[in-house]
There are 2 protein chains.
Amino acid sequence: MTTMRTQADTSEQIMAAARSMVQARGYNALSFRDVAASVGVKSASVHYHFPTKGDLAAALARRYTEEGMDYLDTLLARGEDYRACLARYVAIFRRALEDGNRMCLCGIMAAENEDLPAAVRAEVAAFTNANVAWLTGLLAGRRPGTSPELARARGAAIYAAVAGAQLVARGRNDIAVYDAIMGAFADTGLFD
Amino acid sequence: MTTMRTQADTSEQIMAAARSMVQARGYNALSFRDVAASVGVKSASVHYHFPTKGDLAAALARRYTEEGMDYLDTLLARGEDYRACLARYVAIFRRALEDGNRMCLCGIMAAENEDLPAAVRAEVAAFTNANVAWLTGLLAGRRPGTSPELARARGAAIYAAVAGAQLVARGRNDIAVYDAIMGAFADTGLFD
DNA sequence: ACCTGAACACCGTTCAAGT
DNA sequence: ACCTGAACACCGTTCAAGT
């Protein structure tokens, strides 16, 4: 029998604190001293676990993508229909707004693209690609006849719609704006 | 006969340099020392013209909104039809990507919402509101029967579509992605 | 293995001092 | 009216030093 683990590793606590901060204020506003204070260590200790801010942000984005894709894969495995899967997808981005008017971790960092170290930029791109690929796959099942190019463009459009709606609703600090926008997209047939 | 003005005021040069920097890297990455170096003064001089970073960013956003709305109003005055006006609108956000993979000034600052001084946040919200109102007005002319709520939701959806597509295409550093996404939206009838 | 204090060059901001 | 150098408390990062 191994030792009980009653407390998260320092690395895990750092990642949890940092993730919450980035989703609220972005990569540039992430402060090693703030993270350290929130965890109860000094900022130099954070550098022991994550040598640079880029290393920390890249780790955050990689895990964020993994966890998100795991959830999306369980959605497919559950055998729910096309519309139900899309509704769950739209609900994921709504949840970030519910959680203190936050954004998707990679959505907010995408806006900071030019400021990101290359490794972080790559992880953000990987998140976007994974999301568009999942949506494209879902669409392919729905419309077997469509060309790959058109299916991918539509997958990207759904991702852009959700990301854009999140951005606009967040600026208004009003979840009803997110719902109204997604309703308008639904009316145009974006989810049919 | 008054004195010739062969050079822009220092304030104007500061705003031009700062605007370009914010559209490329955001509010947080805007540096008074970088702006000063680009204009040829010291950072303390920038504070003479714009006491705080918030004052500078608020002035940038206010003028950006004014200039943008002036252009949109000339579009309407030209008497072009609904589709042509929307095509011009979509082209505005494309142009930022053409200009060094930049973003809409207020779009990128919207992502930084939580970091913005209140005055800047208000200007960013005013830009969004003005854009949605313009789109809503355009839609009202096109579909006189629609309820104000639905027209506004659809106006917000078009704005979110454009902002989201810009964000996604910028992350890929590929204008073709913007065009493909807008094409997919057009296919769903978002612009009909 | 993990943490820390001290130092470095950056940042926005302030202010007394210059012209 | 406009600009500046110097100082302040911040920042990410490094590193020698501690346990």
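Just so it is clear: chains get the letters A, B, ... in the order the sequence lines come, proteins before strands, and each one is counted from 1.
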Whole-Å distance between D:dC11 P and A:R25 CZ?
10 Å
In the strands shown, is C:dC2 matched to any nucleotide by a Watson-Crick or G-U wobble pair with both distances under 3.5 Å, and which?
D:dG18
Are A:R170 and B:E112 within salt-bridge range, i.e. N to O under 4.0 Å?
no
Looking at A:T10, I'd like to know whether one of its side-chain N or O atoms comes within less than 4.0 Å of OP1 or OP2 on C:dC3.
yes
Could you check which nucleotide pairs with D:dC8 in any of the strands shown, counting Watson-Crick or G-U wobble with both distances under 3.5 Å?
C:dG12
How many Å lie between NZ on A:K42 and P on D:dG18, as a whole number?
18 Å
How long is the line joining CG of B:D34 and P of C:dC11, in whole Å?
6 Å
Whole-Å distance, B:Y48 OH to C:dA17 P, equals 19 Å
Could you tell me the separation between the NZ atom of A:K53 and the P atom of D:dT14, rounded to a whole number of Å?
14 Å
From the set C:dT4, D:dG12, D:dC3, return the single nucleotide nearest to any side-chain atom of B:H49.
D:dC3
Which whole-number value in Å describes the distance from B:D115 CG to C:dC11 P?
18 Å
What does A:S31 touch in the nucleic acid at a heavy-atom separation under 4.0 angstrom: a base, only the sugar-phosphate, or nothing?
sugar-phosphate
Take the protein atom CZ of A:F32 and the nucleotide atom C1' of D:dT14, then report the distance between them rounded to whole Å.
13 Å
Ionic contact status for A:E114 with B:R102, cut-off 4.0 Å
no
Under 4.0 Å between a Lys/Arg side-chain N and an Asp/Glu carboxylate O for A:R94 and A:D179?
yes
Report which part of the nucleic acid B:L56 touches: base, sugar-phosphate, or nothing (heavy-atom distance under 4.0 Å, all strands).
nothing
Test item: B:K53 side-chain N/O and B:L30 main-chain N/O as donor-acceptor pair under 3.5 Å
yes
Starting at atom CZ of B:R33, determine the distance to atom P of D:dC10, rounded to an integer number of angstrom.
15 Å
Taking the basic N atoms (NZ, or NE/NH1/NH2) and the acidic carboxylate oxygens, is any pair closer than 4.0 Å for A:E123 and A:R63?
no
From the list C:dC3, D:dT14, D:dG5, which nucleotide is the closest neighbour of the side chain of B:A44?
D:dG5
Give a yes/no answer on whether the side chain of A:S45 brings an N or O atom under 4.0 Å of OP1 or OP2 in C:dC2.
no
